[in-house]
Student: 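Take this structure first; my questions come after.
Note on naming: letters A, B, ... go to the chains in the order of the sequence lines (proteins, then strands), and numbering restarts at 1 for each one.
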Amino acid sequence: MSAAAMPDRRQLGTIISRNKLFEGLFALVGLLIVWIAVLILLALFINLAIDGAPRLSWAFLFSFPSRFPEEAGILSAWMGTVMVMVVTALVAVPLGIAAGLYLEEYAPKNWLTDIIEINVTNLAGVPSIIYGLLALGLFVYEFDMGQTVRVAGLVLALLILPVVIVSTREAIRSIPYGIREAAYALGADQWQVVSQHILPYSRSGILTGMIVGLSRAIGETAPVITIGALTFIAFLPPSPIQGEPPFINFDWLASPFTVLPIQIFNWVSRPQQEFHLNAAAAGLVLLTMTLLMNALAVWLRYRFRKQIRW
Amino acid sequence: MSDAFASHACVQPTKQFLRRRAVAGWVARGILFLAAFASVAITFAIVYLLVRESLTFFEHVSIVEFLTGTQWTPLFFDAQYGILPLVSGTLVIAGIALLVAVPGGTIVALYLSEFAPHRLREVIKPFLEILEGVPTVVYGYFALLFVTPVLQTFIPNLWGFNMLAPGLVVGIMILPYVASVSEDAMRAVPKDLREGAYAMGATRLQVAVRVILPAAFSGVAAAFILGMSRAVGETMVVAIAAGLQPNLTLNPLEPAATITAYIVQVSLGDLPHGSIGYQTIFAAGLTLFLITLIFNLVGFHLRRRLREVYE
């Protein structure tokens, strides 16, 4: 390089200070965008609270929907949500954990494993409404299961299956290999290692994944609309517990239902403003539920990360 | 105590025990395999069902008419089955969403991976997860009853239902996803590259833009494509805030319907099982599935390539 091309000290100083300025500006822009996102979330929450909070009352939580906006409530909606979530958790969690265990501990390196891997990734990206079409065509009509709690629970379970699988795998992957080798050295076989060591040690990660998955399922609307959930339900499904033997009743699984997001969608689609306020109040309830679940997951993850020292 | 321990330690496992253990192992392995294979079965079920119902649909309507027709009115007496108006609505809204999410997500990812101090990142990341976790129906409410009125004060000729507000809101919704996939890619870039650049006197911005971004490019591109796939498949925000009339236009100020919104609209009414109206939602669904499948496979491939380069 010729001497003429070398910047002298003053030029160098300008270049450095200009670069530092750009760097500072970029950091500012990055922080600004994050702040804008914070503000938008705040705006969303405050807007919902201003519209909806005045409508929130015990009567609102424990009334059925009604033609009259001031008498309408969300009892059947949140009861439906709770029942659907029970079915979703019972299906998605065992299935997801089992699939995660297989892929992480058993799967040989071959084309079949490759297909399953690509599949799980792809399923996570399939739009939720497509799952709704699957449930409509297969569960509702082909298997004749009706537009019921069990179908909604099943379709949401399929929807969050990739979330449970991925978090199970991540939890398993964080267990050091030495744990497995120690168990094998003592004479355990593979299933003993998996069931007595891998599974118990990864349960915190799996629990977090389960909560994240359920918090996603609880707010899902599209697939439940597609299977044809009714928007006006002025009764509760039969109680799962009854007075006479056998004390447990499964009729609720085959009951028509509605869920919170559908109730919100129904109210927000109406022209009358009074119903919009109901939608805001129900939205506030739903948002609080999801935020609490998310916060629980974040807290659990943080706690477990601090706790575990291999 | 020590006697009992000693005697136990010497006991050889019986043949019966070993056989039972082997059987349990095989049964467990089989069950776990079936669970993993269930995901493949789900995909097959989706493809089978969409294709079967669509085939009946295409017995009535030619594929050419479906792909090139400019009117979508399957529920009218004079039924027209051209999917272009739904595709245009879908693409306009996804396009607006990407205009928000791509620059926003990339800058947030660069900021988180190269600039933010560790503790700030620990605060921002869970916050972004919360933003991602807000139910879409709540975002729909926000788009219709907050964003649209606010925009109308700046743009007087904005319709009450329009594509702009849901597009912007979907953009905010997928921004955390784009940011987190991009950031994963940036963090996979080896430290040596950064340190080499710093040693040459580069600033953090120069490292971020000229070293990290090109090095992580395929991962960042994957984030854009997967974000696009999400925007295309987003349903509730659009169904609530964009109106439900199919409208072949590129003007974001007008109302329009997307593929997903149409499926919702039909599902709300009660069309008889097996009618042609019923089959249209499967034909529309198949179109949507194929679009997102292509995006997902390309995105998956790009991410995998990044991983192969650096691991």
Student: For B:V238 and B:A261, work out which heavy atoms get closest and say how close.
Tutor: CG1-CB, 4.2 Å

Student: Identify which of A:N122, A:L161, A:I115 forms the greatest number of heavy-atom pairs closer than 4.5 Å to chain B.
Tutor: A:N122

Student: Under a 4.5 Å heavy-atom cutoff, which of A:N294, A:T290, A:V126, A:I116 has the most pairs with chain B?
Tutor: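 Ranked by contacts with chain B, first place is A:I116.
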
Student: Taking every heavy-atom pair that is under 4.5 Å apart, which of A:G100, A:A280, A:G132, A:A107 has the most such pairs with chain B?
Tutor: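 Between A:G100, A:A280, A:G132, A:A107, the count favours A:A280.
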
Student: Could you have a look at B:Y278, B:Y139, B:F37 and say which one has the most heavy-atom pairs with chain A under 4.5 angstrom?
Tutor: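 Looking at each option in turn, the highest pair count goes to B:Y278.
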
Student: With chain A as the partner, which of B:V232, B:L32, B:V138 has the greatest number of non-hydrogen pairs under 4.5 Å?
Tutor: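 The candidate making the most pairs under 4.5 Å is B:L32.
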
Student: Using non-hydrogen atoms only, which part of B:L50 is less than 4.5 Å away from chain A: side chain, backbone, both, or neither?
Tutor: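 Contact with chain A: side chain only.
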
Student: Between chain B and each of A:M289, A:K20, A:R301, count heavy-atom pairs under 4.5 Å; write down the option with the most.
Tutor: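 The answer is A:R301.
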
Student: Does a salt bridge link B:E132 with B:R230, judged by any charged N lying under 4.0 Å from a carboxylate O?
Tutor: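 B:R230 and B:E132: salt-bridged.
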
Student: For A:E220 and A:S128, does a side-chain donor sit closer than 3.5 Å to a side-chain acceptor?
Tutor: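 Yes.
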
Student: Quick one: do B:R304 and A:E117 make a salt bridge, cutoff under 4.0 Å?
Tutor: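 Here B:R304 does not pair with A:E117 in a salt bridge, since their nearest N and O are not under 4.0 Å apart.
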
Student: Considering only heavy atoms and a distance below 4.5 Å, find which of B:E53, B:E114, B:Q206 pairs most often with chain A.
Tutor: B:Q206

Student: Identify which part of B:V108 has an atom lying under 4.5 Å from any heavy atom of chain A, answering side chain, backbone, both or neither.
Tutor: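 The side chain, not the backbone.
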
Student: In terms of side-chain heavy atoms, does A:N119 have a donor or acceptor partner in B:S39 at a distance below 3.5 Å?
Tutor: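 On atom types as modelled, these side chains do not qualify, holding no pair under 3.5 Å.
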
Student: So which part of A:A43 gets closer than 4.5 Å to some heavy atom of chain B, the side chain, the backbone, both or neither?
Tutor: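 Interface part for A:A43: both.
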
Student: Looking only at the side chains, is there a donor atom on one of A:T226 and A:Y131 sitting less than 3.5 Å from an acceptor on the other?
Tutor: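 Note: A:T226 and A:Y131 side chains miss the donor-acceptor criterion.
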
Student: Is it the side chain or the backbone of A:Y106 that comes within 4.5 Å of chain B heavy atoms, both, or neither?
Tutor: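 When you check distances to chain B, atoms from both the backbone and side chain of A:Y106 fall under 4.5 Å.
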
Student: Please look at A:A217 and chain B and tell me whether the side chain, the backbone, both or neither of the residue comes under 4.5 angstrom of a heavy atom of that chain.
Tutor: neither

Student: Side chains of A:N47 and B:Y141: is there a donor and an acceptor less than 3.5 Å apart?
Tutor: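 Short answer, no.
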
Student: Side chain, backbone, both or neither: which part of A:L123 has a non-hydrogen atom closer than 4.5 Å to chain B?
Tutor: side chain

Student: Checking A:L284 against chain B: side chain, backbone, both or neither under 4.5 Å from a heavy atom?
Tutor: neither

Student: Quick check on A:L291 against chain B: is it the side chain, the backbone, both or neither that has a heavy atom closer than 4.5 Å?
Tutor: side chain

Student: Output the option from A:V34, A:L101, A:I218 having the highest count of non-hydrogen pairs under 4.5 Å with chain B.
Tutor: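 Maximum pair count with chain B is reached by A:V34.
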
Student: Tell me, yes or no, whether the heavy-atom count around B:R210 atom CZ, taken from other residues, nucleotides or ligands under 6.0 Å, exceeds 12.
Tutor: no

Student: Give, as side chain, backbone, both or neither, the part of A:I130 having an atom under 4.5 angstrom from any heavy atom of chain B.
Tutor: side chain

Student: Do B:T203 and A:N19 have side-chain N/O donor and acceptor atoms under 3.5 Å apart?
Tutor: no

Student: In sequence, state the C-alpha distance, the side-chain angles, and the governing distance for A:E23 and B:F115, and then conclude on side-chain contact (heavy atoms from CB on, under 4.5 Å).
Tutor: CA-CA 9 Å; A:E23 178 176 291; B:F115 285 79; 3.7 Å; yes

Student: Return the option, out of B:A28, B:G201, B:G25, with the maximum number of heavy-atom pairs under 4.5 Å with chain A.
Tutor: B:A28

Student: Let me know if A:I36 has heavy atoms under 4.5 Å from chain B in its side chain, its backbone, both or neither.
Tutor: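 Neither part; nothing is under 4.5 Å.
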
Student: Side chain, backbone, both or neither: which part of B:F33 has a heavy atom under 4.5 Å from chain A?
Tutor: both

Student: Taking all heavy atoms of B:T148 and all of B:A165, pick out the closest pair and write down the distance.
Tutor: OG1-CB, 3.2 Å

Student: Check whether A:E105 gets within reach of chain B through its side chain, its backbone, both or neither, counting any heavy atom under 4.5 Å.
Tutor: neither

Student: Identify which part of B:T292 has an atom lying under 4.5 Å from any heavy atom of chain A, answering side chain, backbone, both or neither.
Tutor: side chain

Student: With a 4.5 angstrom heavy-atom cut-off, which part of A:D189 approaches chain B: side chain, backbone, both or neither?
Tutor: both

Student: At a heavy-atom separation under 4.5 Å, does B:L297 approach chain A through its side chain, its backbone, both, or neither?
Tutor: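 Just the side chain, heavy atoms under 4.5 Å.
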
Student: Think B:R29 forms a cation-pi with A:Y102, using NZ or CZ under 6.0 Å from the six-ring centre and within 45 degrees of its axis?
Tutor: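 Verdict for A:Y102: no cation-pi partner in B:R29.
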
Student: Name the region of A:V298, side chain, backbone, both or neither, that has any atom closer than 4.5 Å to a heavy atom of chain B.
Tutor: side chain

Student: In terms of heavy-atom pairs under 4.5 Å, which option from B:L128, B:I281, B:L226 contacts chain A the most?
Tutor: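 Heavy-atom pair counts peak at B:I281.
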
Student: How about B:F146 and B:F142: are their ring centres within less than 6.0 Å of each other?
Tutor: yes

Student: Looking at every heavy atom in both A:A135 and A:I227, which two are closest together, and how far apart are they?
Tutor: CB-CG2, 3.4 Å

Student: Using a cut-off of under 4.5 Å for heavy-atom pairs, which of B:P126, B:S267, B:A202 has the most such pairs with chain A?
Tutor: B:S267

Student: Is the A:F139 ring parallel, tilted or perpendicular to the A:F143 ring (thresholds 30°, 60°)?
Tutor: tilted

Student: If I measure from the heavy atoms of chain B, does A:V38 come under 4.5 Å with its side chain, its backbone, both, or neither?
Tutor: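 Both parts, backbone and side chain.
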
Student: Is B:S229 reaching over with its side chain to a backbone N or O of B:N296, donor-acceptor style, under 3.5 angstrom?
Tutor: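 No, B:S229 side chain to B:N296 backbone: no donor-acceptor pair under 3.5 Å.
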
